[in-house]
Amino acid sequence: MQISPQQVLDALKNVEDPDLKKDLVTLNMIKDLQITDNQVNFTLELTTPACPMKEMLKNACTNAIKHFVSPTAEVIINVTSRVTQPSNSSSLDNIKNIILVSSGKGGVGKSTVASNLAVVLAKDGAKVGLIDADIYGPSVPTMFDLVDAKPGAEETTDGKTKILPIEKYGIKLLSLGFFADPGQPVPWRGPMASNAVKQLFNDTNWGELDYLIVDLPPGTGDIHITITQSFPISGAVVVTTPQQVALADTHKGLAMFRMPGINIPILGVIENMSYFTPAELPDNKYYIFGKGGGTELAARFDVPFLGEIPIIQSISEAGDKGKPVALNENPLLDVIFGDIASKIAQQISINNAQMVNC
C-alpha cells in the first residue's frame, strides 16, 4: 500500500525536540517531503548546525516512520540547519545572534575560548564573525596570524564607507588591534573607546552571519555597557579559572549581566585551565588551581556549566602560531570545544524559541 505524506507527518509528530519541547512537525522542521514507492525522503532542518542531538533526532525520525507507518520503509534524511534569532534583533538585521565572551579578570584565557569557539562553529557550517573588542590587549591579530593585517573598505551606494572584515579559517574577523601600530600603546579614553567599538558593529559590512562572537575586555567597564545597551545580544558566556581570586571577579561579571538596564541572558560558565594532564600519563588529572569552582559558580547563578578546558601546552602554542587549536586534529580538545560550542548554540536556540512564544 502506497505511503502517504500525511502518514509520515503523523508519525513524525511523535518525535519531540527535547530542548524546544514540541514535536518536529509543529516546529516546522520537516521540509521537502518526497515519497517514491517505499522510499521516504525528507530534510530535517535544525535550529543550529552545532546541534548536539543531530544523530538522536535523525534516528528517532527513522524509528517513528518504521513503527507507525511501515517497518519496511526506506528512510533517507538530509540534515540541514537554519539558525534562529531573537525576536528583539531590531538592528544589525544580517546578524542573527551576538554572543559576548566575558571574564571578570584578565589572564583567564577568554580570547583563546572566543577564538576556538568561532572556529568550531564555522567548522560545523555556521556563518561566523569574531570581533576583538579588548581595547587593552587585543589578541585576535596574534591568534589568527594577522598582526600586520589591515582591513579593507568599500563605498556603499548611499555614499557611506564600510569596513571589510578580514576572512581567515572561514571566519570574518575585526580587531581594534588592526587599526593601531602593534608596538605602540593606545591610551583610550572612555567615549573614544566606546565609539570605536560601535564602529566595528555599525560601520562594517559583515554580510549574513549566524553568530557574531565578541571578545570583551576583562572587567565590567565602558565597553561592556556600550555593547549591551546598543545592540541586541543573544547571550553572554563567562570564562573563569578555578581559583578563588578569579571566581570572585567572575561573580561580579555575571552579576553585571543581570543588572537592570542590561539584563543579558547568561548562556553559561566555562572553566579554563581546570586541570593538568601530562602527555605521558593521559589518565591522570592534577587540579593545580583548585577544583569545581566553575561548577559552583554556575550553580550559584543557576546557569548552565558549559565545560572544563584543561591546561594543555598545544592550546597556547597554537594561539601563538596564529592557528587556533580547534583547527588541528586533537581528539580530546575536539570533543571538549565541540561540546562547549554545541551547548552554547543549543542554549541560544532554546532562548530564541522562548522569546517567540512569550
Side-chain angles (χ1 to χ4, degrees), residues 17-20 24 27 29-31 43-61 77-86 89 94-101 111-131 140 143-144 165-173 206-215 234-237 239 265 267-268 270 272 304 306-309 314-315 318-319 323-353:
D17 186 300
D19 293 324
L20 305 183
L24 302 185
L27 290 169
M29 289 183 173
I30 308 301
K31 308 284 186 180
T43 296
L44 173 60
E45 187 180 73
L46 303 174
T47 56
T48 171
C51 178
M53 297 171 292
K54 191 181 302 182
E55 290 304 316
M56 183 273 286
L57 288 172
K58 190 175 176 181
N59 291 336
C61 288
I77 304 173
N78 174 41
V79 181
T80 63
S81 64
R82 180 180 56 82
V83 176
T84 59
Q85 64 188 84
S89 53
N94 290 332
I95 300 172
K96 291 183 177 178
N97 297 284
I98 300 174
I99 305 170
L100 306 182
V101 180
S111 297
T112 297
V113 170
S115 298
N116 283 288
L117 175 59
V119 167
V120 171
L121 288 171
K123 282 171 66 176
D124 282 336
K127 298 173 184 175
V128 181
L130 173 61
I131 286 181
V140 162
M143 291 189 169
F144 285 84
I166 297 171
E167 294 195 41
K168 193 160 188 181
Y169 308 136
I171 303 163
K172 294 182 178 180
L173 303 160
W206 287 106
E208 291 187 5
L209 294 180
D210 295 317
Y211 304 104
L212 177 59
I213 297 167
V214 184
D215 180 13
S234 294
V237 175
V239 181
L267 302 173
I270 298 171
N272 194 24
L306 300 172
E308 297 178 338
I309 302 172
S314 61
I315 296 178
K323 190 176 182 182
V325 74
L327 290 163
N328 305 325
E329 295 297 324
N330 183 311
L332 171 63
L333 294 177
D334 283 350
V335 170
I336 290 172
F337 281 115
D339 186 49
I340 290 172
S342 294
K343 287 178 179 176
I344 291 170
Q346 180 182 31
Q347 195 61 45
I348 287 175
S349 296
I350 294 170
N351 291 352
N352 290 349

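- Residues forming a salt bridge (charged side-chain N to carboxylate O under 4.0 Å, His left out) with D339 (at least two apart in sequence, or on another chain): K343.
- The shortest distance between side-chain heavy atoms of L20 and M29 falls below 4.5 Å.
- Separating the CD1 atom in I95 from the CD atom in E208 is a distance of 11.0 Å, to the nearest 0.5 Å.
- We find the CD-CD1 distance between Q85 and I98 to be 10.5 Å, quoted to the nearest 0.5 Å.
- Contact annotation: the side chain of L121 approaches that of I213 to within less than 4.5 Å [non-hydrogen atoms, C-beta and beyond].
- The side chain to side chain contact (heavy atoms under 4.5 Å, CB included) check on S349 picks up T47, T48, T84, with sequence neighbours excluded.
- The closest donor-acceptor contact from the side chain of S81 to the backbone of L46 lies at 3.5 Å or more, if one exists at all.
- Note: N272 CG to I309 CD1 = 4.5 Å, rounded to the nearest 0.5 Å.
- Put simply, the side chain of L130 reaches to within 4.5 Å of the side chain of F144, judged on heavy atoms.
- D19 places a side-chain heavy atom less than 4.5 Å from the side chain of M53.
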Would I99 and V214 count as a side-chain contact (heavy atoms from CB on, under 4.5 Å) here? Give the steps. CA-CA 6 Å; I99 305 170; V214 184; over 6 Å; no
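- Atom CG of residue D17 and atom CG of residue L24 lie 6.5 Å apart, to the nearest 0.5 angstrom.
- Here the side chains of L57 and P18 are in contact, with some heavy-atom distance below 4.5 Å.
- Partners of N330 under the side-chain hydrogen bond (donor to acceptor under 3.5 Å, both in side chains) rule, at least two apart in sequence or in another chain, do not exist in this structure.
- Annotation: side chain to side chain contact (heavy atoms under 4.5 Å, CB included) contacts of E55 (sequence neighbours excluded): K58.
- Scanning all heavy atoms of the two residues, the minimum distance from A341 to A50 falls at O-CB, 4.4 Å.
- Side-chain atoms of I344 and Y211, non-hydrogen and from C-beta on, never get closer than 4.5 Å to each other.
- Inter-residue side-chain proximity for S314 and L333 is flagged as met; some heavy-atom pair is nearer than 4.5 Å.
- Residues passing the side chain to side chain contact (heavy atoms under 4.5 Å, CB included) test with E45, sequence neighbours excluded: K31, T80, R82.
- The stretch residues 113-123 participates, sequence neighbours left out, in no side-chain hydrogen bond (donor to acceptor under 3.5 Å, both in side chains) pair at all.
- Contact between D215 and S111 at its shortest, heavy atoms only, is OD2-OG, 2.5 Å.
- Partners of T112 according to the side-chain hydrogen bond (donor to acceptor under 3.5 Å, both in side chains) rule, which considers only residues two or more places apart in sequence or in another chain, do not exist here.
- Listed by chain and residue number, nothing satisfies the salt bridge (charged side-chain N to carboxylate O under 4.0 Å, His left out) test with K54 (two or more places apart in sequence, or in another chain).
- Legend: residues meeting side chain to side chain contact (heavy atoms under 4.5 Å, CB included) with A318, ordered by chain and number and at least two apart, are V325, N328.
- Between I171 and P165, every side-chain heavy-atom pair lies at or beyond the 4.5 Å cut-off.
- With sequence neighbours excluded, the residues forming a side-chain hydrogen bond (donor to acceptor under 3.5 Å, both in side chains) with N97 are S234, N352, listed by chain and number.
- Distance check: T43 OG1 to N78 CG gives 4.0 Å after rounding to the nearest 0.5 Å.
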Between V83 and I348, does a side-chain contact (heavy atoms from CB on, under 4.5 Å) hold up when you go through it step by step? CA-CA 9 Å; V83 176; I348 287 175; 5.9 Å; no
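- Residues A326 and V120 approach most closely at CB-CG2, 3.8 Å, considering heavy atoms.
- Shortest non-hydrogen contact noted between W206 and G129 is CZ3-CA, 4.2 Å.
- For the pair G125 and P49, the tightest heavy-atom approach, listed with the atom from each and the gap, is C-CG, 4.1 Å.
- Listed by chain and number, the residues in a ring pair (Phe, Tyr, Trp, His ring centres under 6.0 Å) with F337 amount to none (sequence neighbours excluded).
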